[in-house]
Amino acid sequence: MQQIINFLIRYKIFLLYLFLLFVSFIFTFQSHSYHQSKFLNSANYFSGNIYEFFDNTTSYFGLREENESLLQENERLRHQLYNKKTNLSDIPAPIDSLEKNYSLVRGRVIKNSFSDLRNYITINKGRKDSIEQDMGVITAKGILGIIENTSEGFATVQSILNEKSNINAKIKNSNHFGSLVWDTKNYNTVQLVDIPRLVPLTIGDTIVTGAMSSIFPENIPIGTIKKFDLDKSKSFYYIDVSLFNDMTNLKNVYIIKNLHRQEILELQEETLSNDQ
């Protein structure tokens, strides 16, 4: 306490000066609108920057929650899209009112390969999530591949960048379809084969999934025509397709199940058996 008193006595003139300076500032701001506005603007600028900093920080840490919300909304909209009847209006209908042909499950890529001859993707969904072999896997941009093996909590996907991959695909807004394969040369490009030479083609035409698949819904995006040539037989085109997906950078996926696939396969098998 004595030290405080000694300090005040020693610096009493300087402290008195600071006090009078502070009082003079107050009188100046109160009596002059210009100084008052300058002070308030400076204070607002300072506090505004602080608030902006905290808002940006809060927004950054809230991105995961916001992303989860967007994924849920995308899942709902895709469920409607893939189960939409052709005579429905453009106004979104409740999911329960739709004819359910497909179910969707959201997942995330935890391992991805794209430089081998037979590339596989591992996702964080498995049997406990009702994931089964031969279910289709897509992203918001286009198809990725087909479920090959499952464990309780995970599944492996045969990528479209796999020399064994063979998926029904077609030229958008047409009924001309062929097989989507991969020549193992470029991870950004796959090939569409068995398109007849009479079909008019244009560089940039969109390629989508075909109606002959029991795995994928029709018209899911794949990519665009990069170039095309006639094959050796001169009867069919050999088409390079530039993929919409960046196969080196995959994160969120949707797993699609055709709810009628087993019935379709059994009917086809029965038809073949009766034909023999």
Exercise. Verify side-chain contact (heavy atoms from CB on, under 4.5 Å) between Phe216 and Ile167, making sure each step is shown before the conclusion.
Key: CA-CA 9 Å; Phe216 293 100; Ile167 296 172; 4.1 Å; yes
Practice problem: Applying side-chain contact (heavy atoms from CB on, under 4.5 Å), run through Asn188 and Ser242 and close with a yes or a no. | Solution: CA-CA 6 Å; Asn188 292 319; Ser242 181; 5.5 Å; no
Quiz prompt | Criterion side-chain contact (heavy atoms from CB on, under 4.5 Å) on Ile121 and Val253, from CA distance to verdict | solution = CA-CA 11 Å; Ile121 300 164; Val253 299; over 6 Å; no
Self-check item: CA sep, side-chain torsions, deciding dist, call: Thr122, Val109, side-chain contact (heavy atoms from CB on, under 4.5 Å)
Solution: CA-CA 6 Å; Thr122 305; Val109 173; over 6 Å; no
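Note that the OG atom of Ser214 and the CG atom of Asn168 stand 9.5 Å from one another [nearest 0.5 Å]. In this structure, Leu180 CG and Asp194 CG are separated by 11.5 Å, a value rounded to the nearest 0.5 Å. In this structure, CZ on Arg118 lies 13.5 Å from OG on Ser159, to the nearest 0.5 angstrom. Of the inter-residue distances, the one linking Arg261 atom CZ with Tyr102 atom OH reads 11.0 Å to the nearest 0.5 angstrom. In this structure, CD1 on Ile138 lies 11.0 Å from CD1 on Ile222, to the nearest 0.5 angstrom. Atom CD1 in Ile195 sits 12.5 Å away from atom CG in Leu230 (nearest 0.5 Å).
For the residue pair Gly178 and Leu192, the shortest heavy atom distance occurs at C-CD1, 3.9 Å. Residues Arg106 and Tyr254 approach most closely at CG-CE2, 3.6 Å, considering heavy atoms. Here the closest heavy-atom approach between residue Ile131 and residue Ala155 is recorded as CG2-CB, 4.2 Å. Taking all atoms of both residues into account, the shortest heavy-atom contact from Phe177 to Met212 is CE2-CE, 3.4 Å.
Sorted by first then second residue, the ring-ring contact (aromatic ring centres under 6.0 Å, His included) pairs that include residues 138-158, not counting sequence neighbours, number zero. Note on residues 167-188: pairs passing salt bridge (charged side-chain N to carboxylate O under 4.0 Å, His left out), not counting sequence neighbours, are Lys170-Glu218.
Using a 4.5 Å heavy-atom threshold, the side chains of Ile146 and Ile215 count as touching. Taking 4.5 Å as the limit, every side-chain heavy atom of Leu144 sits out of range of all side-chain heavy atoms of Ile160. Using a 4.5 Å heavy-atom threshold, the side chains of Leu243 and Leu161 count as touching. Here the side chains of Val137 and Val157 are in contact, with some heavy-atom distance below 4.5 Å. In this structure, Asn162 and Thr184 have side chains that are not in contact, with every pair of non-hydrogen atoms separated by 4.5 Å or more. Taking the side chain as every heavy atom from C-beta outward, Trp182 and Ser165 never approach each other to under 4.5 Å.
Side-chain contacts under 4.5 Å among hydrophobic residues (ILVMFWY), followed directly or transitively, place Leu117 with no other residue at all. Val181 belongs to a hydrophobic cluster whose other members, connected by ILVMFWY side-chain contacts under 4.5 Å either directly or through intermediates, are Val193, Tyr238.
Applying the side chain to side chain donor-acceptor pair (under 3.5 Å) test to Thr248 and every residue at least two apart in sequence or in another chain returns Asp246. Glu263 pairs by the salt bridge (Lys or Arg N to Asp or Glu O under 4.0 Å) definition with nothing, not counting sequence neighbours. Qualifying ring pair (Phe, Tyr, Trp, His ring centres under 6.0 Å) partners for Phe228, counting only residues two or more places apart in sequence or in other chains: Tyr237. Among residues two or more places apart in sequence or in another chain, the side chain to side chain donor-acceptor pair (under 3.5 Å) test is passed with Glu148 by Tyr120, Gln158. With sequence neighbours left out, Lys257 forms a side chain to side chain donor-acceptor pair (under 3.5 Å) with Glu132. Residues that satisfy the ring pair (Phe, Tyr, Trp, His ring centres under 6.0 Å) test with Phe114, not counting sequence neighbours, are Tyr187. Partners of Asn119 according to the side chain to side chain donor-acceptor pair (under 3.5 Å) rule, which considers only residues two or more places apart in sequence or in another chain, are Ser113.
Between the side chain of Ser174 and the main chain of Ile171, a donor-acceptor pair closer than 3.5 Å is present. A donor-acceptor contact shorter than 3.5 Å links the side chain of Asn124 to the backbone of Arg108. Side chain of Asn258 to backbone of His260: a donor-acceptor contact under 3.5 angstrom is found. Here the side chain of Asp129 pairs a donor or acceptor atom with the backbone of Gly126 at under 3.5 angstrom. Side-chain atoms of Asn112 come within 3.5 Å of backbone N or O of Met247 as a donor-acceptor pair. The backbone N or O of Pro217 sits less than 3.5 Å from a side-chain atom of Thr209, completing a donor-acceptor pair. Although no hydrogens or angles enter the test, the distance criterion places a donor-acceptor pair under 3.5 Å between the side chain of Asn245 and the main chain of Gly142.
Follow the hydrophobic side-chain contacts under 4.5 Å out from Val105 and you reach Ile220 in the same cluster.
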Show me the side-chain donor-acceptor pairs of residues 196-208 shorter than 3.5 Å, one per line, residues at least two apart or across chains.
{"from": "Arg197", "atom 1": "NH1", "to": "Lys234", "atom 2": "O", "distance (Å)": "2.9"}
{"from": "Asp205", "atom 1": "OD2", "to": "Thr202", "atom 2": "N", "distance (Å)": "2.9"}

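No more than 12 heavy atoms of other residues, nucleotides or ligands lie within 6.0 Å of NZ in Lys227, so this atom counts as exposed by the packing criterion.
The closest side-chain donor-acceptor pair between Asp240 and Thr189, if any, does not fall under 3.5 angstrom.
We find that Glu152 and Lys128 are not joined by a salt bridge, their nearest charged nitrogen and carboxylate oxygen being 4.0 Å or further apart.
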